[in-house]
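Right, one structure below, let's go through it.
The model shown is predicted, which means the values in this text are computed figures rather than measured ones. Sequence lines set the chain letters: A, B, ... in the order given, protein chains first and strands last, and positions in each chain run from 1.
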Amino acid sequence: MKILVCISKTPDTTAKIAFTDNNTKFDTNGVQWIINPYDEWYALVRAIELKEADASNSIHLISVGGSDAEPILRKALALGGDEAIRVNIDIDDSYTIATQIAEVAKSGGYDLILTGKETIDHNGSTLGGMVAELLNLPYISLATKLDMNGSIAHVTREIDGGQELDEVATPVVISAQKGMAEARIPNMRGIMAARTKPLSVVEPVACDALTSTVSFEMPPAKAGVKLVDAENVAELVRLLKEEAKVV
Amino acid sequence: MVLIYLDNINGAIKKSSLEALSYGAAVAKQLGTDAQALVIGDVSSDLSALGQYGVSKVHQLSGVNEFDAQGFARLVADKATEGNASVVVFSHSLSGKALAPRVSVRLKAGLVTGAVALPDTSNGFVVKKSVFSGKAFANVRINSAIKIVSLNPNAFTAVLGAGSAEVVTTAATISSNVKIASVSKSSGARTLTESEIVVSAGRGMKGPENWGMIEELADVLNAGLACSRPVADAHWRPHHEHVGQTGVAIAPNLYIAVGISGAIQHLAGVNRSKTIVVINKDPEAPFFKAADYGIVGDAFEVIPKLTAALKAGS
Ligand SMILES: Cc1cc2nc3c(=O)[nH]c(=O)nc-3n(C[C@H](O)[C@H](O)[C@H](O)COP(=O)(O)OP(=O)(O)OC[C@H]3O[C@@H](n4cnc5c(N)ncnc54)[C@H](O)[C@@H]3O)c2cc1C
Ligand SMILES: Nc1ncnc2c1ncn2[C@@H]1O[C@H](COP(=O)(O)O)[C@@H](O)[C@H]1O
């Protein structure tokens, strides 16, 4: 089985969020870049587990981005990917990114295409659905569990107030979230091996961006906390009723 | 025409969908056109009453009751094309997340998910959306002829007016490649993203055996239950209650955080809440900086008192 894992580069979860150029660009000054946690902890680690269970499975990684996405792809290779592809275009339009991934997938013969639930910077939760539609494949979103039985994927996905177990024949696109696997750290052997694993760069296909980011803004600052004495919880209830009007 | 896709749970239209309905009606007004809704499946509610939210027509496709992203997306896209929709609105809920991207591709229509405000149509069509897990907003322009917006739950208040909608019911079928083998619902669980009030607790509760008082507080408030990540990781609470950057992102009217320190990754999932109450025994806990109201105290003493005070007041 061939698995394609979509890897995006995001600022570290503790990164300071600020903007430059008249609030039109994210300020990357001093920002550490990581593999988007959903892509790493859930999609990639589950793919690695499937490969550990059956060595005939192979894992390809794809990232659509500039050369600064390569350290991220190397780290994903160190965790256990077999080879990586970078599509050389730095853009934030989901439709364009999905088009590039679909283009690579078309000739790749992948059985499983895995994405994360969402990127923690863009918060789109859109890419998997777009790739699936471009390839005319089924899409199981927000999956918490994935098992293979031959060419049938058994996928548990979140539904309102519960879970649903789906069975679907490959090829299929799945977005992964918490529950699917546990986080891992790459070991020395993985890091050494990653240096020589193939990382190819392909040029993008032409595509019209359907969206473009005009500007960013920060939420209004909080007025500051009003402290209520622990012996006077009735006062908190009064404030919630009369001032905040939320209960 | 503005087309709004409505989602239902067990036949009842979801609250987040009613918000999307009001939002779509407001967008239609802004653009000088009418708003119509689309319901897929058989529902128990009176659909003509949805006219109160400002839609003129409700299209119902009956006979299709098992959700399938691929099949549903085709139905929504066809309805949008048939009615010449210029804007399609979804709620950024579980099914919206599965559907909107597919419809976007089918219609070659730019999509903005997680919208938090009405579009700015003074110069094109620019939608404000939540980014960096609630730490900032981006204004995103949609360049295509058809626009798709997926609205964050609790970001726009549903407004009720007078009016009745024409209901047009037609039969539909889809073929699905996905077989639903089983469905399990946790009984009585309120869907977290739909909850107006959420009561959440962290490691300060010491162990799963102490959650009774948290559940009781949630009960008097008719609130959803949430927790911090280490609590879910330690299996004190189920994974679906984990909120934050790597868990569920929520924006209730009231978020009560008990025994949670307020790490940046936790705040990322809850900072869009309208009012935040923090109960923590450490006055230095970072959460107080993000809170509107706070009590410095021992949760084991404060929570039962708070529950009692709420009970007494209601
Ligand atoms: C990449 C990444 C992603 C992450 N994603 C998330 C996420 O999505 N969600 C999340 O929650 N965390 C996330 N975390 C973890 C986060 O950094 C914190 O470790 C976590 O939120 C701490 O949980 P806590 O507040 O319950 O526990 P602690 O930090 O241990 O805090 C417990 C608090 O309880 C208080 N307390 C103790 N006893 C009492 C008492 N009797 N009464 C009142 N208060 C008491 C203490 O003063 C303390 O403030 C992530 C971390 C990383 C690195
Ligand atoms: N530039 C990218 N390159 C490769 N995969 C991506 C990229 N952006 C997003 N993805 C994948 O799509 C998922 C959802 O992203 P998004 O729709 O942006 O929230 C992520 O978790 C990744 O798996």
Cationic N near anionic O, under 4.0 Å, [X] to [Y]:
X	Y	value
B:Arg141	A:Asp93	no
A:Arg184	A:Glu40	no
B:Asp298	B:Lys281	no
A:Asp147	A:Lys145	yes
A:Asp166	B:Lys179	no
A:Glu231	B:Lys305	yes

Do B:His92 and B:Ser16 pass the side chain to side chain contact (heavy atoms under 4.5 Å, CB included) test, and can you show the C-alpha distance, the side-chain angles, and the key distance before you say yes or no? CA-CA 8 Å; B:His92 198 43; B:Ser16 52; over 6 Å; no

With no hydrogens and no angle check, do the side chains of [X] and [Y] hold a donor and an acceptor under 3.5 Å apart?
X	Y	result
A:Asn36	A:Thr119	no
A:Thr14	A:Asp12	yes
A:Thr13	B:Gln265	yes
B:Lys129	B:Asn139	no

Looking at [X] versus [Y], is the centre-to-centre ring distance below 6.0 Å?
X	Y	value
A:Phe26	B:Phe132	yes
B:Phe287	B:His266	yes
B:Phe72	B:Phe67	yes

Pick from [options] with the largest number of heavy-atom pairs that fall under 4.5 Å of chain B:
options	value
A:Leu227, A:Val237, A:Thr213	A:Leu227
A:Val246, A:Thr10, A:Val247, A:Val168	A:Val246
A:Arg238, A:Lys117, A:Met130	A:Met130
A:Glu164, A:Glu182, A:Glu243, A:Met218	A:Glu164
A:Gly128, A:Ala221, A:Gly124	A:Gly124
A:Asp229, A:Leu240, A:Asp160	A:Asp160

Please flag which part of [X] lies under 4.5 Å from any non-hydrogen atom of chain A: side chain, backbone, both or neither.
X	result
B:Ala100	neither
B:Gln245	both
B:Ile295	both
B:Ile197	side chain
B:Ala290	backbone
B:Val103	neither
B:Arg74	neither
B:Ile9	side chain
B:Ala109	backbone
B:Leu221	side chain
B:Val302	both
B:Lys108	both

Taking all atoms of both residues into account, what is the closest heavy-atom pair of [X] and [Y], and its distance?
X	Y	result
B:Gly297	A:Ala230	CA-CB, 4.4 Å
A:Thr126	B:Pro101	O-CB, 3.2 Å
B:Ile276	B:Ser273	CG1-CB, 3.9 Å
A:Ile185	A:Leu79	C-CD2, 4.0 Å

Among [options], which residue forms the greatest number of heavy-atom pairs with chain A at distances under 4.5 Å?
options	result
B:Leu254, B:Val131, B:Val127	B:Val131
B:Asn271, B:Leu111, B:Val126	B:Leu111
B:Leu99, B:Ile279, B:Asn253, B:Thr113	B:Thr113
B:Lys289, B:Lys274, B:Glu301, B:Lys128	B:Lys128
B:Ser144, B:Ser176, B:Ala291, B:Ala308	B:Ala291
B:Pro252, B:Ser95, B:Ser133	B:Ser133

Contact class of [X] relative to chain B, heavy atoms under 4.5 angstrom:
X	value
A:Gln177	neither
A:Pro138	both
A:Ile17	side chain
A:Asn136	both
A:Ile152	neither
A:Thr211	both
A:Tyr139	both
A:Lys245	neither
A:Arg157	side chain
A:Ser94	neither
A:Leu142	side chain
A:Leu239	both
A:Ala223	neither
A:Ile140	side chain

Parallel, tilted or perpendicular: which describes the rings of B:His235 and B:His239, with under 30° parallel and over 60° perpendicular? perpendicular

Heavy-atom side-chain contact between A:Pro37 and B:Thr246 under 4.5 Å: yes

Within the distance-only criterion (no hydrogens, no angle test), does the side chain of A:Gln32 pair as donor or acceptor with the backbone N or O of A:Ala15 below 3.5 angstrom? no

